[in-house]
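Fair warning: this is a prediction, and the values are worked out from it, not measured in the lab.
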Amino acid sequence: MNNNSCSNGTSFTDVIILAGGFGERLWPASSPAFPKQFLSIQNGISFLQTSIQRALAVQPTGRILIITREDIQNVVAEHCEKLMAVVSAEQKKKMQEDLYILSEPCARHTCAPLVLACKLLHLLDANEHTLLVLTSDHIIGPVETFVADCHKAAETARAGNFVCFAIPPTEPSTGYGYIKSGEALSTDKTVFQIAQFKEKPDLQTAQQYLESGEYSWNSGMFAFTDTFFLQEISTYEPEIAKSFENFAIAAVPECSTIHSTKCIYGWEPMVKSYQTVKAIAVDNAIAERTKKAAAVKAAFTWDDVGSWDAFEKHYKGENDKVGSVQSKNNFVYSDIPVALCGVEDLVVVIKDGKALVMKKGASSLMREVVKEMKKL
């Protein structure tokens, strides 16, 4: 069993990577069977693989848990195996020994899988765990700055806080939730109490947030100790705690191996808990209700790449299958040749026999059009 001392890295014992998703915002390149985390922006490295690289850079003393859906666990395992072939020998060893794919029997938003992770980690090691929760499909850099901010988050979490990463806004975005800064918890004011969480605002309100300098974007990444988190669950979501009561007598699960990666699925205590557990986001369940919400002001850059407009901004690949005549400022992401004639400011995506033609800047319509396509 691994030593869970907090003597190296950023003092996190374990990292959790949430890798579910249903692939609507980057349709048709992403889909329920192939969510956004499997796409690549550059060099053939997927979003998921870069998230695993960040988890490795944090140097957790314990485990890396990738929590996903059972129906896409094989693809997750494939991406893990391919990453093992290109990382350092030390990182490959860490992945082989301490990386697990934990497959939920069904989707239950983000709170249930975090409770599940806490329960599993406690079974594997009864010591207290300091956990870092990462997304699987964002762009973050540089990694050294990210690791430095994680160090602050780990210290703040061990002090008994639910920690968020606050992203300084660069525009009046209506697509993100916001965090209002409260009292400083560090001398340099980069760690602070969260005064209030705000839902996605309208444009006028977002502009006010930006101009005030008091608000940040909520990145969707968190840090906390398992002891603190489960106490908060018992306080604010007792029904969720009740759904996991059977873990009091649960045994350590058996692991299967898929593409050289340890996988846990069909685990009886998990399946039983998920039959009754409430589906709710951890933001709504705990972050917005706890009296101990804190944030680290991110020095790293961050983008959740939640639209084709954002995807184009970061995409470094080449597409030699485009013919263009009297056309300009178009973005094409296609697995077949595409001809453009007399058009401009379009996003054209063709994947797996499906096509999207969208005016740039119209990404907010994606969820609606995906619903329409499901009817066909």
Side-chain angles (χ1 to χ4, degrees), residues 1-2 4 6 10-20 55 58 60-68 98-105 107-136 150 153-154 156-164 220-253 255 262 264-265 267-287 289-290 292-294:
M1 198 64 68
N2 289 326
N4 253 0
C6 296
T10 56
S11 300
F12 280 107
T13 55
D14 309 273
V15 179
I16 301 166
I17 300 174
L18 298 176
V58 167
T61 56
R63 294 163 180 83
I64 299 171
L65 298 183
I66 303 175
I67 305 182
T68 189
D98 291 325
L99 187 146
Y100 294 76
I101 298 172
L102 180 57
S103 300
E104 299 175 281
R108 286 291 184 264
H109 224 310
T110 55
C111 190
L114 295 183
V115 176
L116 173 64
C118 290
K119 296 292 186 179
L120 171 61
L121 291 170
H122 183 78
L123 284 175
L124 296 173
D125 189 323
N127 293 318
E128 184 173 73
H129 298 257
T130 307
L131 308 178
L132 174 65
V133 180
L134 301 181
T135 54
S136 60
C150 284
T156 308
R158 287 198 306 277
N161 295 286
F162 185 94
V163 186
C164 302
M221 298 183 293
F222 311 103
F224 46 80
T225 66
D226 59 336
T227 304
F228 170 84
F229 184 71
L230 292 177
Q231 286 174 344
E232 297 296 271
I233 289 293
S234 294
T235 299
Y236 296 105
E237 289 291 344
E239 289 302 310
I240 292 180
K242 184 176 180 181
S243 291
F244 283 91
E245 283 181 344
N246 62 304
F247 274 79
I249 56 171
V252 174
C255 291
K262 296 176 183 177
I264 300 171
Y265 59 94
W267 183 25
E268 186 177 349
M270 173 179 66
V271 172
K272 183 176 179 180
S273 294
Y274 268 62
Q275 289 173 350
T276 61
V277 74
K278 178 180 179 180
I280 186 173
V282 69
D283 307 71
N284 303 127
I286 301 300
R289 298 157 81 179
T290 181
K292 298 288 288 183

Option from Val133, Ile16, Thr110, Leu131 for which side-chain contact (heavy atoms from CB on, under 4.5 Å) with Phe222 holds: Val133
With sequence neighbours excluded, residues passing side-chain hydrogen bond (donor to acceptor under 3.5 Å, both in side chains) with Ser136: none
For Tyr100, side-chain hydrogen bond (donor to acceptor under 3.5 Å, both in side chains) partners two or more places apart: none
Residues forming a side-chain hydrogen bond (donor to acceptor under 3.5 Å, both in side chains) with Ser273, sequence neighbours excluded: Asn246
Residues in side chain to side chain contact (heavy atoms under 4.5 Å, CB included) contact with Ala55, at least two apart in sequence or another chain: Val15, Ile17, Ile64, Leu134
His129 side-chain N/O to Leu121 backbone N/O, donor-acceptor pair under 3.5 Å: yes
Sequence neighbours excluded, every pair satisfying salt bridge (charged side-chain N to carboxylate O under 4.0 Å, His left out) that has a member inside residues 274-283: Glu237-Lys278
Phe244: partners by ring-ring contact (aromatic ring centres under 6.0 Å, His included), with sequence neighbours left out: Phe247
Interatomic spacing from CZ in Phe224 to CG in Leu132 - rounded to 0.5 Å: 9.5 Å
Positive for side-chain contact (heavy atoms from CB on, under 4.5 Å) with Cys111, one of Ile280, Val277, Asn284, Leu116: Ile280
Side chain to side chain contact (heavy atoms under 4.5 Å, CB included) partners of Ala223, counting only residues at least two apart: Phe12, Ala153, Ala157, Val163
Pairs involving residues 221-231, ordered by first then second residue, that meet side chain to side chain donor-acceptor pair (under 3.5 Å) (sequence neighbours left out): Glu128-Thr227
Close side-chain approach of Leu18 and Thr135, heavy atoms under 4.5 Å: no
Any donor-acceptor pair under 3.5 Å from Thr276 side chain to Ser243 backbone: no
Set of residues satisfying side-chain hydrogen bond (donor to acceptor under 3.5 Å, both in side chains) with respect to Lys242, sequence neighbours excluded: none
With Glu232 via side chain to side chain contact (heavy atoms under 4.5 Å, CB included) - residues at least two apart: Phe228, Tyr236, Ile286, Thr290
